Amino acid sequence: MDNTRIQTDTIGITVPGGQVHAKRWTPQHSAGTPPLVLLHDSLGSVDLWRTFPGELAHAISRPVIAYDRLGFGKSDSRQALHSPEFISEEAITYFPAIKQQLNLDRYALLGHSVGGAMAINIAATDADCQAVITIAAQAFVEPLTLDGIRQAKAAFAQPGQLERLQKWHGDKAQWVLHAWTGTWLSDAFAGWNLDSVIHQVRCPILAIHGDSDEYGSLAFPEYITRHAGGPASMVIIEKGRHTPHREEPATVIAAIQDFLIRHKDKTHV
């Protein structure tokens, strides 16, 4: 990728409870095109997207924006752990402030893992969202997901492993880990699903999923595409695990590019 063609800038955004950190990648000649906003996973951050946002912005000729949710990455800390409603709260409480301060009148969303569920919640409540792309998104609480989280929790308990998170989240790393494992493994979260919102999503949806995802089976993209209120399709990455945008970036970017081209009339209005 020719990095000289991508302008980057960082943005501070005020949301209820503090400031969040955002970054924007803007390709040349993309003025007036709706941006694509990225929502990270349960341990994610802007920096953990690595080179993917810039490569994606270059491929789709649109601005790409990523932000650290409150408590993550370079955003302000949080004290309380997530409530069982934290996925819908991102759509109702936090994203509207981000949308307003970024002046987003039209946009598309891409969410990884729990960020995908958040993207679906946002699109269900905001007609300005023109398309949703999910990568390895959960749609309900599945035993495979819980087994994967338990294994990850045990692995992070080993000496030196928390430092992996501190690289991205600093002194918030312990909170980030507890917010993930404590919420998903709690009895209060056991009945969570997308049933109340998925039918309300009228814009096009693309569900990308690896067939060897350690945190969720193909039942997730099948659920999303079957129950969506508008056009929906899925792309299954052969031998793909939970981060196909890092494992097979060219394949994922090509799928996103094709999806946006096919639905150009709906996503460039």
Side-chain angles (χ1 to χ4, degrees), residues 6 11 13 22-40 46 49 52-67 69 87-88 90-137 139 194 196-209 221 223-235 245 252-269:
I6 304 292
I11 311 157
I13 302 171
K23 186 173 181 179
R24 177 167 46 209
W25 293 258
T26 306
Q28 290 183 348
H29 312 302
S30 64
T33 57
L36 179 62
V37 181
L38 309 186
L39 294 104
H40 63 73
V46 169
W49 287 107
F52 179 71
E55 293 167 357
L56 184 58
H58 176 73
I60 64 176
S61 298
R62 294 184 185 217
V64 171
I65 302 168
Y67 70 95
R69 294 197 299 275
I87 293 173
S88 61
E90 191 65 27
I92 296 167
T93 303
Y94 298 104
F95 191 79
I98 291 165
K99 177 189 175 186
Q100 179 184 32
Q101 291 173 61
L102 291 176
N103 297 313
L104 302 179
D105 56 351
R106 297 168 296 127
Y107 62 93
L109 295 171
L110 184 155
H112 173 224
S113 192
V114 74
M118 291 174 175
I120 288 172
N121 272 263
I122 293 167
T125 61
D126 188 0
D128 289 337
C129 179
Q130 298 182 312
V132 171
I133 300 151
T134 67
I135 299 178
L194 292 174
S196 65
V197 292
I198 187 66
H199 298 286
Q200 301 174 45
V201 181
R202 306 297 182 187
C203 66
I205 298 179
L206 172 65
I208 300 172
H209 208 91
Y223 168 99
I224 291 169
T225 53
R226 184 170 64 248
H227 295 289
S233 57
M234 61 182 173
V235 169
H245 57 291
V252 170
I253 289 173
I256 294 169
Q257 191 174 26
D258 176 68
F259 168 72
L260 293 174
I261 289 171
R262 283 190 288 113
H263 296 284
K264 186 175 181 180
D265 291 343
K266 295 183 178 69
T267 60
H268 279 75
V269 175

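Computed from a prediction, not measured in an experiment: that's the story for all the values here. Side chains included, hydrogens not; waters and symmetry mates left out as well; all remaining heavy atoms used.
Side-chain contact check for Leu39 versus Tyr67: some heavy-atom pair is nearer than 4.5 Å. For the pair Ile224 and Val132, the minimum side-chain heavy-atom distance is 4.5 Å or more. Two residues are said to be in side-chain contact when any heavy atoms from C-beta on lie closer than 4.5 Å; Glu90 and Asn121 fail this criterion. Between Arg69 and Val114, some side-chain heavy-atom pair lies under the 4.5 Å cut-off.
Of all heavy-atom pairs spanning Pro63 and Thr33, the tightest one is CD-OG1, 3.2 Å. For the pair Arg62 and Ala108, the tightest heavy-atom approach, listed with the atom from each and the gap, is NH1-CB, 4.2 Å. The shortest heavy-atom contact between Leu260 and Ala131 is CD2-CB, 4.5 Å. The two residues Pro34 and Gln130 have their closest heavy-atom pair at CG-OE1, 3.4 Å. Residues Ala123 and Cys203 approach most closely at CB-SG, 4.2 Å, considering heavy atoms. Between Ala207 and Thr134 the shortest heavy-atom distance is CA-OG1, 3.3 Å.
Rounding to the nearest 0.5 angstrom, the gap separating the CE atom in Met234 from the CG atom in Leu206 is 10.5 Å. Considering OG1 of Thr225 and CD1 of Ile198, their distance stands at 9.0 Å, rounded to 0.5 Å. The CD1 atom of Ile122 sits 11.5 Å away from atom CD1 of Ile87, with the distance rounded to the nearest 0.5 Å. Atom CD1 in Ile253 sits 5.5 Å away from atom CG in Leu56 (nearest 0.5 Å). Here the OG-CG distance, from Ser88 to Leu194, works out to 10.5 Å after rounding to the nearest 0.5 Å. Residue Gln28 holds its CD atom at 8.0 Å from CD1 of Ile6, rounded to the nearest 0.5 Å.
For the side chain to side chain contact (heavy atoms under 4.5 Å, CB included) criterion with Trp25, the lone passing option out of Ser30, Pro35, Pro53 is Pro53.
A distance of 6.0 Å or more separates the ring centres of His112 and His40.
For Gln257, the CD atom sits in a packed shell: over 12 heavy atoms of surrounding residues, nucleotides or ligands are nearer than 6.0 Å.
The aromatic rings of Phe95 and Tyr107 lie tilted to each other, with the angle between the two planes from 30° to 60°. Ring-plane geometry between Trp49 and Phe52 is classed as parallel, the angle between the planes falling under 30 degrees on a 0 to 90 degree scale with a further cut at 60.
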Go through it in stages, so that I can follow the logic: the residues are Val64 and Leu110, the test is side-chain contact (heavy atoms from CB on, under 4.5 Å), and I'd like the CA-CA distance, side-chain angles, deciding distance and then a yes or no. CA-CA 10 Å; Val64 171; Leu110 184 155; over 6 Å; no
Is there a side-chain contact (heavy atoms from CB on, under 4.5 Å) between Ile98 and Ile65 once you walk through the steps? CA-CA 11 Å; Ile98 291 165; Ile65 302 168; over 6 Å; no
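Taking Lys99 as the reference, Asp126, Asp128 meet the salt bridge (charged side-chain N to carboxylate O under 4.0 Å, His left out) condition, with sequence neighbours excluded.
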